[in-house]
Amino acid sequence: MTTATTGQIVFSGGNETDPVDHGRPVALIGNALGVTPEVFRDAFSGVSPAENGSPSPSHAQANKQILMNKLGPHGVTNERLDEVSNFYRYQPQSGELWKHKPAVATAIIKDGEVTGFEISDGGYGYSTPPTVQIAGHLTVKVKAELEYTSDLQTNGRVKTLTVID
């Protein structure tokens, strides 16, 4: 925080996942596919992971069929499933995170008080609201609200920032 300019917003975190999802950003994947996270979670519950690394072609095909049987009735195509799956594929055991872009924002300060925010870039890829700090105003608590969309470049972006008491 010492290198940030007064009023600059510093975002941290925002990439937590529900333990039942084993590291998958289900909120992002579901919304990108145009289904609720619950629908995606249900579809994925029938998939069996490979025992040792990558699945065989037949195992991968069987898993894909399970997903399409559940997601197809919701309008998800095979091509869209591949696009979204590839976008959010990552290896957490290697310290990776799915594709994301940090948000950029500045606090509007008048007479020493935070009166609002200017979000110049909402970023994308936040699965949970990030922690927000304002340089020079560390005691001000701020809530970030996210917006989920089917557009991979805006899905999970910071939509609003609000001072909370």
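Once rounded to the nearest 0.5 Å, the distance linking OG1 of T77 with CG of L33 reads 9.0 Å. Interatomic distance, CD of E118 versus CD1 of I108, reported as 6.0 Å (0.5 Å rounding). To the nearest 0.5 angstrom, L146 atom CG is 8.5 Å from S127 atom OG. Considering OH of Y88 and CZ of R24, their distance stands at 15.0 Å, rounded to 0.5 Å. One distance of note links CD of Q91 with CG of L97; it measures 13.0 Å at 0.5 Å rounding. The CE atom of M68 sits 11.0 Å away from atom NE2 of H74, with the distance rounded to the nearest 0.5 Å.
For K159, the NZ atom sits in a loose shell: 12 or fewer heavy atoms of surrounding residues, nucleotides or ligands are nearer than 6.0 Å.
Using cut-offs of 30° and 60° on the angle between ring planes, the pair Y124 and F87 is tilted.
Applying the side chain to side chain donor-acceptor pair (under 3.5 Å) test to residues at least two apart or on different chains, the pairs with a partner in residues 143-152 are E145-T160, E147-R157, T149-T154. Counting only residues at least two apart or on different chains, no side chain to side chain donor-acceptor pair (under 3.5 Å) pair has a member in residues 104-115.
With a 4.5 Å cut-off on side-chain heavy atoms, K64 and L81 count as touching. Q61 has its side chain out of reach of S56: every pair of non-hydrogen atoms, C-beta onward, lies at least 4.5 Å apart. You'll find the side chain of D21 reaches within 4.5 Å of the side chain of R41, heavy atoms only.
Using a 4.5 Å cut-off between side-chain heavy atoms of Ile, Leu, Val, Met, Phe, Trp and Tyr, with links allowed through other members, V132 and I119 fall into the same hydrophobic cluster. The hydrophobic cluster containing I66 also contains F40, counting ILVMFWY residues as joined when their side-chain heavy atoms lie under 4.5 angstrom apart, directly or transitively. Cluster annotation: V47 and V35 are assigned to the same hydrophobic cluster (Ile/Leu/Val/Met/Phe/Trp/Tyr, side-chain heavy-atom contacts under 4.5 Å, transitive).
Without hydrogens or angle criteria, N155 side chain to N31 main chain gives no donor-acceptor distance under 3.5 Å. A donor-acceptor distance shorter than 3.5 angstrom exists from the side chain of W98 to the backbone of G125, with no hydrogens or angles considered. Under a 3.5 Å cut-off, the side chain of S85 and the backbone N or O of D82 do not form any donor-acceptor pair.
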* Hey, mind stepping through K99 and L152 against side-chain contact (heavy atoms from CB on, under 4.5 Å) and telling me if it holds? -> CA-CA 9 Å; K99 290 179 186 164; L152 298 174; over 6 Å; no
* Could you walk me through whether I164 and V142 pass the side-chain contact (heavy atoms from CB on, under 4.5 Å) test, one step at a time? => CA-CA 6 Å; I164 53 176; V142 180; over 6 Å; no
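Taking each heavy atom of L161 and A105 in turn, the nearest pair found is CD1-CB, 3.8 Å. Between P129 and A144, the shortest heavy-atom contact is CB-O, 3.4 Å. Between G122 and A103, the closest heavy-atom pair is O-CB, 3.5 Å. Of all the heavy atoms in A107 and F117, the pair that sits closest is CA-CD2, 4.0 Å. Annotation for P130 and V158: closest pair CG-CG2, 4.2 Å, computed over non-hydrogen atoms.
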Report, one line per pair, each donor and acceptor closer than 3.5 Å where one atom sits in a side chain of residues 11-20; sequence neighbours left out.
from, atom 1, to, atom 2, distance (Å)
E16, OE1, G14, N, 3.3
E16, OE1, T128, OG1, 2.5
D18, OD1, V20, N, 2.9

